[in-house]
Undergrad: 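Before I ask anything, here is the structure I am working with.
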Amino acid sequence: MLNIYYGAETTDKERFIFKNIKGRTLLLVPDQFSLQAERDAFFYLEKDCLMDLRIVDFNALGHKVVSEAGGRRPQLIDKYGSQMLLTKVLGQVDKELTVYRGLSWKSSFIDRIYGVISDMKRYGVGPNELAETIEKLDDNTYLKYKLTDINKIYDKYQQLIEGKYLDAEDYILFYGEKILNSPMVSESEVWIYGFDTFTPKNLLIIERLIKASQKVNIVMTYEEDNEIFDLTRHVMDKLIKTAEDINEEVTVSKIDEEDKKSVWACIGGTDECCADGGTEEPVTLVAASNQYAEAERAAAYISCLVRDHGYKYGDIVVVCNDMEGRGSILRRTFTRWGIPLFIDKKRTVMHHPAVSCLLAVMEIVSKGYRTDSVMRMIKSGLMGFSADETDSLENYVNSFKIKGTGWKKEFTRTGDKYTPEDLSMLNSLRETIVETVEKAGESIGKYNTAAEKTKGLYRFLDSEFNMPERIEKLIARQEAAGFAEGAAETGQSWSVICSILDQIVEILGEEKVSNEELLKLMTIGMERVEIGLVPTSSDRVIMGTLQRTRLSRVKVLLIAGANAGVLPMEAGEEGLISDREKAVLEELDMELSKRDVVSRREETLAIHRT
């Protein structure tokens, strides 16, 4: 059975959900919303622990179902493994391509081709279906040439993973079948909340949940006769059709629940808005001369709220769609004002000390002792050199132009400012560097397979270089210096490195590769890895974008950059297939996600929610 509940944004849907949860329950939410959903559960249920309630996203649901089922399963490769595999595919088919020839080592192209293939898989378009669509296109059109290239890459990619690996999209189909026999699902009632849209494969999982569970309840934000919610209405119609196609009963009900306390109630004159019972206007528009003045005003306002009105930093959220520009200015300004800030975004790992050190060592092994690579290795903080030693070594190297094999030779030049004691210290550092690199080179080898190189590299990092221990010491130093978020990021470095190395072994295995090719694969994998963090303290201002940051029981909301082109955000760069080209394909019965159209609608809904 499927129950669809809907209510306006002001409706307290969270209270409705947790008031109606009974017995064993699965609460399915977007991945970035799981922490907030857990907080909501403790708040509304007024319990110290959650016994019968499991809060999961689609990926976590899959892992639980598969773990419960047991048995043999194909090797799972994640997004980063898929991109490394695509790098291999592009190297094999590059000469057969017309439009995309010569782009096999461009990480931006690999990211885009991965996006196209993932999109096609989500919508059930395989290489055969794509080939049939290509046949229907007019000859000598640019779209036909593009799709022909994409299909060559897609077909080769599928051949390589067939029966051996499961990528992220195929994994959904894999665990979707196991849901039907899952005791965890069959014994539970399912609630789904926090989504604006569902992909076709998400709908497939919901269909399986409807079949297997006690019942499925989906809660949507929707207002009748409001064009803003056309997307939601379309999604609700798809959900209804999904249930009806499998002959399941469907009900659609409006939520009868009190409205949340909000600024709109304040504007209507029905509520007080200020923590101290004052009469300050609930919505304030602030004009600033530039982004720096805007950040200063925001910092001053937050400080005033905390100092004079009894607010906590954790009561305050800053929404900023321009995280790269305004976001960095706000971060620096808040730091200067002493405002603790958590930035709610995915973080790349390329700047992590352990990753930077590893790639620098690999560069030296494969390309020789380039000074910039050596200095990156030293400045990673994992070599155990003090700041003074690092500065002294860098100054000496720059003064006497040390490069290449010069690093392997004893430093003898003193100039007019280096004493014999200085040279002794610098040579000791140099020897440590050379010894580390040479050991790494010996472990990796030169003319061997990818698996042998990768396993040798792992043995060196784990046993000889003792990277896990060095990372722990670095984390302790970061925590002592007050860099809690940096320490949390560093703490994930070793698992990221091991994951990438494992997938290289799985993907390339017994193929012979050069050290430079291995470096390129590792770099491509690391460049695309993104990790998420949770706030290290509850009393921090949270800053994020409209669509990522989920708001619940927020007392103060600041919106930075409410300017044209930022709110709502202008459409980003199109993928390999534009929305106009997708419209052409739709006429030929091949549906793909219209990313820009959906993103604009989702952002409109996010603005309305906020």
Side-chain angles (χ1 to χ4, degrees), residues 72-97 100-114 117-118 121 127 152-171 349-350 354-355 358-367 440-462 467 493-529:
R72 185 181 176 279
R73 56 175 172 170
Q75 177 69 31
L76 177 64
I77 56 172
D78 60 19
K79 170 183 176 180
Y80 319 114
S82 295
Q83 291 183 339
M84 288 189 287
L85 186 58
L86 281 169
T87 303
K88 173 183 175 180
V89 169
L90 285 165
Q92 293 175 349
V93 304
D94 186 63
K95 292 181 180 178
E96 302 173 28
L97 304 181
Y100 299 125
R101 184 182 298 172
L103 299 178
S104 59
W105 289 108
K106 297 282 187 181
S107 60
S108 58
F109 176 71
I110 292 166
D111 196 31
R112 290 187 176 194
I113 194 68
Y114 170 78
I117 291 174
S118 296
K121 287 195 167 195
K152 288 176 181 176
I153 298 166
Y154 188 7
D155 187 48
K156 186 66 175 178
Y157 173 79
Q158 279 300 108
Q159 289 176 28
L160 288 176
I161 69 171
E162 198 73 45
K164 293 177 64 179
Y165 312 117
L166 287 174
D167 63 13
E169 301 306 324
D170 292 336
Y171 184 65
V349 301
M350 288 297 285
V355 173
L358 170 60
L359 294 180
V361 170
M362 283 298 302
E363 281 185 24
I364 300 169
V365 169
S366 60
K367 299 179 181 179
E442 290 172 10
S443 298
I444 295 167
K446 288 185 178 180
Y447 308 107
N448 48 358
T449 66
E452 291 169 341
K453 286 182 183 295
T454 306
K455 290 175 181 178
L457 176 60
Y458 174 81
R459 285 193 298 271
F460 163 75
L461 294 173
D462 186 49
M467 182 171 273
S493 300
W494 182 241
S495 62
V496 167
I497 289 170
C498 290
S499 174
I500 294 296
L501 295 182
D502 284 344
Q503 293 188 76
I504 288 175
V505 172
E506 286 294 333
I507 291 165
L508 295 180
E510 299 307 310
E511 288 189 31
K512 287 194 173 183
V513 294
S514 67
N515 289 336
E516 192 164 351
E517 287 172 332
L518 181 61
L519 169 63
K520 287 178 179 178
L521 278 170
M522 289 173 59
T523 302
I524 286 169
M526 299 290 186
E527 279 179 342
R528 313 325 297 181
V529 172

Undergrad: Report yes if some heavy atom in the side chain of Gln503 is under 4.5 Å from a heavy atom in the side chain of Leu85; otherwise report no.
TA: no
Undergrad: Quick check against the 3.5 Å criterion: does Tyr165 have a side-chain atom that pairs as donor or acceptor with the backbone of Glu506?
TA: yes
Undergrad: Passes side chain to side chain contact (heavy atoms under 4.5 Å, CB included), Ile117 versus Glu169? Steps please.
TA: CA-CA 10 Å; Ile117 291 174; Glu169 301 306 324; over 6 Å; no
Undergrad: Hey, what do you get for CE (Met467) to CG (Asp462), rounding to the nearest 0.5 Å?
TA: 10.5 Å
Undergrad: I need the minimum non-hydrogen distance between Ser82 and Asp167, along with the two atoms involved.
TA: OG-CB, 3.6 Å
Undergrad: Would you check if the side chain of Asp94 reaches a backbone N or O of Gly102 as a donor-acceptor pair within less than 3.5 Å?
TA: yes
Undergrad: Between atom CD1 of Ile113 and atom CG of Leu90, what is the distance when rounded to the nearest 0.5 Å?
TA: 7.0 Å
Undergrad: Could you give all pairs that pass the ring pair (Phe, Tyr, Trp, His ring centres under 6.0 Å) test and reach residues 500-526, with sequence neighbours left out?
TA: none
Undergrad: With a 4.5 Å cut-off on side-chain heavy atoms, are Tyr157 and Pro127 touching?
TA: no
Undergrad: Does any part of the side chain of Val355, heavy atoms only, come nearer than 4.5 Å to the side chain of Leu359, both counted from C-beta?
TA: yes
Undergrad: Measure the shortest side-chain to side-chain distance between Gln159 and Lys156 over non-hydrogen atoms and say whether it is less than 4.5 angstrom.
TA: yes
Undergrad: Could you check if a side-chain atom of Gln158 sits within less than 4.5 angstrom of a side-chain atom of Lys121, using non-hydrogen atoms only?
TA: yes
Undergrad: Within the distance-only criterion (no hydrogens, no angle test), does the side chain of Gln83 pair as donor or acceptor with the backbone N or O of Ile524 below 3.5 angstrom?
TA: no
Undergrad: Please indicate whether Lys106 has more than 12 foreign heavy atoms, meaning atoms of other residues, nucleotides or ligands, lying under 6.0 Å from its NZ.
TA: no
Undergrad: Would you mind listing every ring pair (Phe, Tyr, Trp, His ring centres under 6.0 Å) that reaches into residues 497-521, with sequence neighbours excluded?
TA: none
Undergrad: Would you say Glu96's side chain and Val93's backbone share a donor-acceptor pair under 3.5 angstrom?
TA: no
Undergrad: For Ala168 and Tyr114, which heavy atoms make the closest approach, and how far apart are they?
TA: CB-OH, 4.4 Å
Undergrad: Please report the interatomic distance OG1(Thr454) to CG(Asp502), rounded to the nearest 0.5 Å.
TA: 9.5 Å
Undergrad: Return the CG to CG distance between Leu358 and Leu501, rounded to the nearest 0.5 Å.
TA: 7.0 Å
Undergrad: Minimum heavy-atom separation for Ile153 and Val89, please, with both atom names.
TA: O-CG1, 3.7 Å
Undergrad: Quick one: side chain to side chain contact (heavy atoms under 4.5 Å, CB included) partners of Glu363, sequence neighbours excluded?
TA: Ser373, Arg376, Leu519
Undergrad: Determine whether a donor-acceptor pair (N or O, by modelled atom type, separation under 3.5 Å) exists between the side chain of Asn515 and the backbone of Gly445.
TA: yes
Undergrad: For a 4.5 angstrom cut-off between non-hydrogen side-chain atoms, does Glu527 reach Asp111?
TA: no
Undergrad: Measuring from Asp78:CG to Leu166:CG, what's the distance to the nearest 0.5 Å?
TA: 12.5 Å
Undergrad: How many angstroms lie between atom CH2 of Trp494 and atom CG of Leu461, to the nearest 0.5 angstrom?
TA: 5.0 Å
Undergrad: Could you check if a side-chain atom of Ile497 sits within less than 4.5 angstrom of a side-chain atom of Met526, using non-hydrogen atoms only?
TA: yes
Undergrad: Determine the minimum heavy-atom distance between Val529 and Tyr80, stating which atoms define it.
TA: CA-CE2, 3.2 Å
Undergrad: My understanding is that only one of Lys453, Lys88, Glu517 makes a side chain to side chain contact (heavy atoms under 4.5 Å, CB included) with Leu508; could you say which?
TA: Lys88
Undergrad: Are Met84 and Ile77 close enough that some pair of their side-chain heavy atoms sits under 4.5 Å apart?
TA: no
